[in-house]
Amino acid sequence: MYLYNSATHKKEEFVPNHPDIVKMYTCGPTVYHFAHIGNLRSYLMEDVLEKYLRYLGYNVKRVMNITDVGHLTSDADEGEDKMLKGARREHKSVMEIAGYYTDAFFDDCKKLNIKRPDVVEPATNCIGEYIIIIEKLLATGYAYQAGGNVYFDTSKLEKYYIFNEHDEENLAVGVREGVEEDLNKHNKNDFVLWFTKSKFEDQALKWDSPWGVGYPGWHIECSGISMKHLGGDLDIHCGGIDNAFPHHTNEIAQSESYLGHKWCNFWFHVLHLNTEDGKMSKSKGEFLTVSLLESKGYDPILYRFFCLQSHYRKNLVFSYENLDNAAAAYGKLIEKIAALDPDAGDSVDQAALEALQARFRKAMDADLNTSLAITALYDVLKAKTNDATRLAALADFDRVLSLNLLDGAAKLREKAKQAEEAEERDPVVDGLIADRAAAKKAKNFAEADRIRDELKAMGVEIIDTPQGTKWKRV
RNA sequence: GGUGCUGUGGCCAAGUGGUAAGGCAAAGGUCUGCAAAACCUUGAUUCACCCGUUCAAAUCGGGUCAGCACCUCCA
């Protein structure tokens, strides 16, 4: 398959370091609050990537960190530690907050059919790993101590900027009002590996280290956790586009300086979901969570469908109009699948199935073109073949897309069956329908429409068919 | 200010040199007392704009404009 690699700005053929396994790392959430659906877009598209790699026959080991230690802090920052802020807001301890929102995160993932990574590691579990890395970086001259903190010295690198050609002179440091430049840094881009001094003297979580009691910098987390579980070479590193600089740039700097060789081959960055007003955030406008969508009557899977209709490297605008659009399309798709007969007794036409699979693979091989993969679903429905083959193809593609295609269709069939049974068991409704039929026969259409309205008020929708009037509860 | 990404019909979107897929919505039709559903039909002489390369450009080059992102915690 071909994947766009942010590090080279090109689509490249994906080849893993070891033929039998793909090592994949994902920057996980900071668990200080619920995830909004924009956060989840990244995890959703990464899930598609992981499942497609498995579909192609690779073994995948995927690792995700959980950021449960505040990392906003720097000497130059007036902002608040997010974990502490969350804890204060809810009158809980930092660890309670982390546990609660970690569970909430994976609940949301489950609703969106996002598979849990093979390894999920909280950042606070790996302090020892970070210390080992920092010690080596200090010993080899890539790091220095200043003002009580340990910094990475970016001037020691031949090439620091990976994802874009920044010019250090033009970097806007301290752009936000009230932010001061950290005078301990030797270079503008140097970053903290270990803090002992911070404005946040009440930092809840602190650990002993060779440099004093303190806590790790943000970037070291991902390097340490990745190396702990995946070793010194990585095939794919995933994350939201906003992390490319400085977070991922810094990860590369410290990891490769520590290892002494290239660390990760492919960088997979997902673009943001925006609202019509711009970037989605937790503080501005409506806080769009999976639960909120559910409370408005949307099945979370509709959001997955909505995301898959677009491409992961495109900005996507969320609006209820767009979600409704996706909901209508998904509903129709499931209805069409439900109309296929799973008990027709046909046997799968292997040649036809392979032709359909080739279209799906062609779409996905081209840098995960999921919107074309969705089109491939319509191709299946239109294909000149039997239902068994169609259903086999849909089930096959849904191993990657995870849109509940067959389950959704089965549920729909079941619902229709129940409605039919309920129809026979309700004498009141049957009586009214008979009355309406009589009124229609007498051409008393006003009365017929009145009865239909009465049924509607009871939550019963009727449909005239050539076989008579059917009804269902809505 | 610097850096990067994006710009295709009402909406989502495919298409990376050969003359604009697909889906949703809409309109018209069939059917119906009327609806609903289903089925059929219709849609960009044009791909943000300008200039250029070419027999040929949505696709390549240059410029302009607009949106978004990063440079500050953020997916």
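We name chains A, B, ... by the order of the sequence lines, and we start the count at 1 in each one.
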Enumerate the protein-to-nucleotides 10-13 of chain B contacts in which both atoms are nitrogen or oxygen and the separation is below 3.5 Å.
| from | atom 1 | to | atom 2 | distance (Å) |
| --- | --- | --- | --- | --- |
| C11(B) | O2' | Asn322(A) | OD1 | 2.7 |
| C11(B) | O2 | Asn325(A) | ND2 | 2.9 |
| A13(B) | OP1 | Ser310(A) | OG | 2.5 |
| A13(B) | O3' | Ser371(A) | OG | 3.1 |
| A13(B) | O2' | Ser371(A) | OG | 3.2 |

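- For Lys11(A) against U16(B), a side-chain-to-base donor-acceptor contact under 3.5 Å is present.
- Of the listed nucleotides (U6(B), G33(B), A75(B)), U6(B) has the atom at the smallest distance from the side chain of Arg313(A).
- For Thr124(A), the side-chain hydrogen bond (donor to acceptor under 3.5 Å, both in side chains) partners are Asp68(A), not counting sequence neighbours.
- For Arg450(A), the salt bridge (Lys or Arg N to Asp or Glu O under 4.0 Å) test picks out Glu447(A), Glu454(A), with sequence neighbours left out.
- Among the nucleotides A38(B), G4(B), A75(B), the one closest to the side chain of Glu335(A) is A38(B).
- Within 4.0 Å (heavy atoms only), Phe445(A) reaches at least one base atom of the nucleic acid.
- Gly38(A) comes within 4.0 angstrom of a nucleotide base, judged by non-hydrogen atoms across all strands.
- In this structure, Lys10(A) is not positioned above the aromatic face of Tyr4(A) in the sense of NZ or CZ being under 6.0 Å from the six-membered ring centre and within 45° of the axis.
- Taking the salt bridge (Lys or Arg N to Asp or Glu O under 4.0 Å) definition, one finds that Arg41(A) meets it with nothing, sequence neighbours left out.
- Contact annotation: side chain of Asp449(A) to base of G33(B), donor-acceptor pair present below 3.5 Å.
- No contact: Arg359(A) has no heavy atom under 4.0 Å from any strand.
- When the C1' atom is used for both A27(B) and G61(B), the distance is 42 Å, rounded to whole Å.
- By the salt bridge (Lys or Arg N to Asp or Glu O under 4.0 Å) test, Lys384(A) is found to be paired with no residue, residues two or more places apart in sequence or in another chain being considered.
- Distance from the side chain of Ala448(A) is smallest to G33(B) among G33(B), A38(B), A75(B).
- Within the 4.0 angstrom heavy-atom criterion, only backbone atoms of the sugar-phosphate kind lie near Ala329(A); the bases stay farther away.
- Comparing C24(B) with A58(B), their C1' atoms sit 23 Å apart, to the nearest whole Å.
- Nucleic acid contact for Leu273(A): base, since at least one base atom lies under 4.0 Å from a heavy atom of the residue.
- Both the sub-6.0 Å distance and the 45° axial angle are satisfied by Arg116(A) relative to the ring of Phe106(A).
- As judged by a 4.0 angstrom heavy-atom cut-off over every strand, His269(A) is placed among residues making no nucleic acid contact.
- Distances shown here put a side-chain N or O of Lys332(A) below 4.0 Å from the OP1 or OP2 atom of A25(B).
- Residues that satisfy the salt bridge (Lys or Arg N to Asp or Glu O under 4.0 Å) test with Lys296(A), not counting sequence neighbours, are Glu286(A).
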